[in-house]
2 protein chains.
Amino acid sequence: MPAPRTYEDLRSLIARRHLELSDRLRRIAEFAVQHPNDMALKTVAGLANSIGVQPSSIIRFANGFGYDGFSEMQQVFRSRLVAEATPSYRERIASMHGAQARSKGNGSAGGEPAAVLSQFVADDIGALEELHDRTGERELTKAVALLAQSKAIHLLGQGRSFPVAFYLHYALSRLDLRAFLVDSLAGTAARQARMASREDVVIAISFKDYSPDVVTAVEEVVARKVPVIAITDSPLSPLAAGAKVCFEIAERRDRPFRSLVAPMCLAESLVVSLGHSLTARNS
Amino acid sequence: MPAPRTYEDLRSLIARRHLELSDRLRRIAEFAVQHPNDMALKTVAGLANSIGVQPSSIIRFANGFGYDGFSEMQQVFRSRLVAEATPSYRERIASMHGAQARSKGNGSAGGEPAAVLSQFVADDIGALEELHDRTGERELTKAVALLAQSKAIHLLGQGRSFPVAFYLHYALSRLDLRAFLVDSLAGTAARQARMASREDVVIAISFKDYSPDVVTAVEEVVARKVPVIAITDSPLSPLAAGAKVCFEIAERRDRPFRSLVAPMCLAESLVVSLGHSLTARNS
DNA sequence: CTCGTCTTGGAATTATTATTCTATTGTTTT
DNA sequence: AAAACAATAGAATAATAATTCCAAGACGAG
């Protein structure tokens, strides 16, 4: 009988066998299902102390469930802590297109276009979930409040990020807000950004490697105390430094290709929230 | 200066000081904010290996932020893991999926910014799933083949769809393909589209109400037998009529607000598939 | 160019932690 | 009641991991 490799499996195996376990092992079993966090992080000695058994008993427990040693079993408890929010989507999608399975190994999408699409859909769903998890209400509320009371909104984004800036400009204009798109068409971004006053707001979007134009422009407006809302990929980003609000959109480590889906979704949400906030004020 | 005791504090301290850090320490700082899970669970040697620095540098990093040693700092990262595993976190995730279910009923997002974001995330996930389900392998393969053998690619999209067109232009250019963005800056779209020849491909993106400029331009190039790939919302769309390939991105009836997430995801998939196809051909 | 300062690499050392082993205890069987 | 068996405690040992230390390298200032 092979040792369980996932937390769920281990948990149910413990549940199934805990009756036939000896006294000490049962105490460990009960503790394990009740305090999986401790099982994941504490040392053998620490656990032995908490449970009230000898360290060797814990080793025997691990051996009893098929593991080479405690450390091996602990990995299973640790995997629970870092478990991806929803492997369900990935699996569901993988099962639909068999080609998907192949691409899992090398980390990059395989050759078939349908497999590529499956991969992107799955990754983008993951990115959206991460956006949801990691974006605090505080930032959203603050950003909307800033935007609502601003005299004008300047959109700053170049290269890959430009579509987001453009979208925001388009949508904000349709809300009858004064929105300016810094497109670097006529002159540099820095020069255009000089239009922004302290009563305005600048929304800057940039991911690494950060567009130097955008970074420079942000530094300039921050120096003039113009409020900045940053949409970027890390709190270490040069945009984050002087920003009043910083939205962080984590990129998935295993994917070389960066998706615009999450930033777009955030942009849409901001626009609609702002719309609600303005409507509420006018009524 | 006391060392931060919570993950949030540590993270913001790292963000604040990362500029003044030395080369190696900054690399560690970047890794730390990007891979907090690894920081929580791996060993010094393992991290050193992942980051590409010496173990001693990691100790110095911990000392630099006021900790007695690495282990003490690691506790802070671990505290974050157990915080996320608390029931409330899982409830938040569950509530999001609940929001998706609810949205089918009333269709409009609530007032709070966080609720709006949840709504958008849920709806966009739904849109991506629908994209995945409704997009056939045939269309994808045909589109990629068309693009691969084209002499040039013209991107056509205005208003809300322009970000998608721009993105495609940006990404295709980076593949060293001849990509032309019909931006209507100098002259009408129709005039610019006249550049397209029968050996080119036009990718037209438009959703209702269909931008007249784009519709006209598409009709013109179709009449000249230029192959068109349409990304639109209905097979009845004016873009679909003469298109060689038509990607249909369904609108959710009950949702007043249109999201760009699904078209963006499709665009990204097309670009990457095309990239693969070109690489395969060159080898 | 040279000195002084700060940073880094890497082996040596110390510490912590897991694991093993054996004596002991308790329990059941005859 | 004694023998056999199973389970456990606890010290001893092996392993893994963290930390220290010093030499070498990089960078600036004078």
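Quantities reported herein were computed from a predicted structural model and do not represent experimental measurements. Chain letters run A, B, ... following the sequence lines, proteins first, then strands; residues in each count from 1.
- The distance from atom NZ of A/K42 to atom C1' of C/dA18 is 17 Å, rounded to the nearest whole Å.
- Remark: the A/S237 side chain and the A/K208 side chain contain no N/O donor-acceptor pair separated by less than 3.5 Å.
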Which donor-acceptor pairs under 3.5 Å do side chains of residues 136-146 of chain A form with protein atoms, sequence neighbours excluded?
from: A/E139; atom 1: OE1; to: A/G136; atom 2: N; distance (Å): 3.2
from: A/T141; atom 1: OG1; to: A/E137; atom 2: O; distance (Å): 2.7
from: A/K142; atom 1: NZ; to: A/K244; atom 2: O; distance (Å): 3.3

Item to check | Test ring-ring contact (aromatic ring centres under 6.0 Å, His included) applied to A/F257 and A/F120, step by step | outcome: CA-CA 9 Å; A/F257 197 88; A/F120 268 89; 5.4 Å; yes
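- To the nearest angstrom, C1' of C/dT27 lies 13 Å from CG of A/D23.
- Note: CD (B/E72) to C1' (C/dA15) measures 16 Å, nearest angstrom.
- At whole-Å resolution of the value, CE in A/M73 and C1' in C/dT19 are 14 Å apart.
- Look at CD on A/Q74: it is 10 Å from C1' on C/dA18, rounded to the nearest Å.
- The stretch residues 43-61 of chain A comes close to DNA chain C through A/T43, A/V44, A/A45, A/S56, A/I59, each having a heavy atom under 4.0 Å from the strand.
- The distance from atom CE of B/M39 to atom P of D/dA17 is 16 Å, rounded to the nearest whole Å.
- When side chains are defined from C-beta on, A/L10 counts as touching A/F77, because their heavy atoms get closer than 4.5 Å.
- Comparing C/dA18, C/dT8, D/dT19 by their closest approach to the side chain of B/F70 singles out D/dT19.
- The CD1-P distance, from A/I28 to C/dA18, rounds to 14 Å in whole Å.
- B/L25 has its CG atom 14 Å from the P atom of C/dC6, to the nearest Å.
- Note that A/R160 lies outside the cation-pi zone of B/Y167, set by a 6.0 Å cut-off to the ring centre and a 45° limit from the axis.
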Item to check | Test ring-ring contact (aromatic ring centres under 6.0 Å, His included) applied to B/Y170 and A/F162, step by step | outcome: CA-CA 10 Å; B/Y170 172 84; A/F162 182 77; 10.0 Å; no
